[in-house]
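These notes are about the structure you will find just below.
Both counts, for ligands and for their atoms, begin at 1 and track the order of listing. The structure presented is a predicted model; accordingly, all values stated were derived computationally and were not measured. By convention here, the first residue in the shown sequence is residue 1.
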Amino acid sequence: MGKIILTGDRPTGRLHLGHYVGSLKNRVKLQNSGEYDEIYLMIADVQALTDNFANPKKVRDNVMECVLFYLACGIDPDKTNILIQSEVPALTELTCYYMNLVTIARLYRNPTVKSEVNLRGFGESIPSGFLNYPVSQAADITAFDATTVPVGEDQMPMIEQTKEIVHSFNRIYGETLVDPDIYLPEEGFARRLPGIDGKAKMSKSLDNCIYLDATDEEIKKKVMQMYTDPNHVRVEDPGKVEGNVVFTYLDVFCKDEDFQKYLPEYKNLDELKAHYQKGGLGDVKIKKFLTNVLCDVIRPIREKKLELMNNLDYVYDVVKKGTAKANEKANATLRRAKANMGIDYFESETFLKEVKENMQKN
Ligand code: TRP
């Protein structure tokens with residue numbers, strides 16, 4: 001079988017630079033590599049509802065928003081099927097069968113679930129749908145026969161959980177499901193972008209994001225608020241580069257050409273860092289530089305998104321067609337799984353014969 005990609009996001013807000021660095025950029029690269037036979041990009045509204053069940057409007061309002069960001073970032077609907085999770089019923093059905101293969105204790109131990117339970121303050125009152133979402137994610141991945149799941153590092157426990165389910169299913173019911181692998185972005189330092197406040201993760205709920213459709217003015221404002229080195233008080237003071245968010249972002253985003261364009265007194269980032277560490281370089285100067293660099297990254301995405309917003313009929317059609325393709329694929333997997341589980345009563349050509357034989361024996 002060929003190489004197949006499945007990946008996705010929860011539609012709970014606008015996409016930000018953390019998504020771009022952690023997964024979007026990578027997805028576009030893989031899409032254009034020509035190495036994959038099928039690519040599915042899923043808007044995980046079912047999963048989003050596991051912790052937003054009381055606020056379905058938030059999910060509904062962000063579905064098309066996600067599609068717009070995908071297309072604006074370079075996802076090409078001729079190469080990638082964009083789909084809506086809840087419109088593919090085979091996914092929920094597979095989830096139901098996989099639930100038998102996972103213990104509650106194992107779900108509680110899933111590190112991603114654990115940290116999200118803390119973050120959301122569920123305490124002892126965890127909705128069972130939320131606890132179960134790794135199982136639903138295993139259904140997403142296996143329904144499309146995915147070999148490759150390009151996601152951020154925080155999704156590692158989900159892939160491990162999926163592999164366990166695949167192994168159990170194949171052992172009990174016979175070889176049925178494809179064993180997937182995670183595909184992480186290459187540059188180690190860039191896998192997870194910190195928030196502008198220096199917290200480990202950029203996240204809407206922490207209010208420390210730069211959105212992929214931010215205006216130049218908004219980008220400037222966010223960069224000016226960025227956490228740097230609290231001991232770098234006067235320009236003459238030596239400054240620290242490690243843990244300094246401005247430099248973390250420059251590591252990820254700036255290219256040598258940016259220096260020629262915006263800061264020609266330095267050749268490259270190493271020179272800028274050396275000067276900062278020695279002292280004599282102020283935060284405002286490095287922040288102005290980063291603002292220019294980020295504006296160049298975000299401007300084309302923002303402009304493409306605005307253009308697509310004037311063509312929403314087209315965008316709607318893209319996701320409808322992608323979802324239709326996804327249903328074909330997921331239904332085929334569901335049929336295979338049910339046949340191997342022996343619950344394919346009306347599709348099986350032997351079921352009635354078996355019943356008759358059994359009844360004669362007794
Ligand atoms: N859990 C992912 C997130 O929080 C979204 C997601 C749902 C997903 N199903 C998936 C990612 C399957 C990869 C594969 O963003």
Item to check | Nearest heavy-atom neighbours spanning A48 and R10 | outcome: CB-CB, 4.1 Å

Item to check | Spatial distance of atom CE (M226) from atom OH (Y249) [nearest 0.5 Å] | outcome: 4.5 Å

Checklist outcome for this item: Looking only at protein heavy atoms, what sits closest to atom 8 (C) of ligand 1 is Q137 NE2, 3.5 Å

Checklist entry - Considering distance alone, does some N or O of T7 sit under 3.5 Å from an N or O of ligand 1? => result no

Checklist entry - Is the closest heavy atom of M42 to ligand 1 under 4.0 Å? => result yes

Checklist entry - For atom 9 (N) of ligand 1, which protein heavy atom lies nearest, and how many Å away is it? => result D140 OD2, 2.8 Å

Next on the checklist: Hydrogens and angles aside, do N268 and D256 bring a side-chain donor and acceptor to less than 3.5 Å of each other?
Outcome noted: no

Item to check | L6: numbered ligand 1 atoms lying under 4.0 Å from its heavy atoms | outcome: 12 (C), 14 (C)

Checklist entry - Can you find an N/O atom of D9 closer than 3.5 Å to an N/O atom of ligand 1? => result no

Next on the checklist: Does either side chain, that of D229 or that of Y276, offer a donor lying less than 3.5 Å from an acceptor on the other one?
Outcome noted: no

Checklist entry - Which of the atoms in ligand 1, numbered in the order shown and given with their element, are less than 4.0 Å from a heavy-atom of A44? => result 7 (C)

Checklist entry - T142 and Y98: side-chain donor and acceptor closer than 3.5 Å? => result yes

Item to check | Closest protein heavy atom to atom 4 (O) of ligand 1, given as residue, atom name and distance to 0.1 Å | outcome: R10 NE, 3.3 Å

Item to check | Donor-acceptor pair, side chain of T50 and main chain of F130, under 3.5 angstrom | outcome: no

Checklist entry - Between I43, T112, V151, L41, which one has a non-hydrogen atom sitting closest to atom 13 (C) of ligand 1? => result V151

Checklist entry - Do we see a donor-acceptor contact under 3.5 Å between the side chains of E38 and Y36? => result no

Item to check | K305 NZ/CZ over F69 ring centroid, <6.0 Å and within 45° of normal | outcome: yes

Next on the checklist: I'd like the name of whichever of E116, Q85, M158, Q47 reaches closest to atom 1 (N) of ligand 1 through any heavy atom.
Outcome noted: Q47

Item to check | Polar proximity ligand 1 side, Q155 side, N/O cut 3.5 Å exclusive | outcome: yes

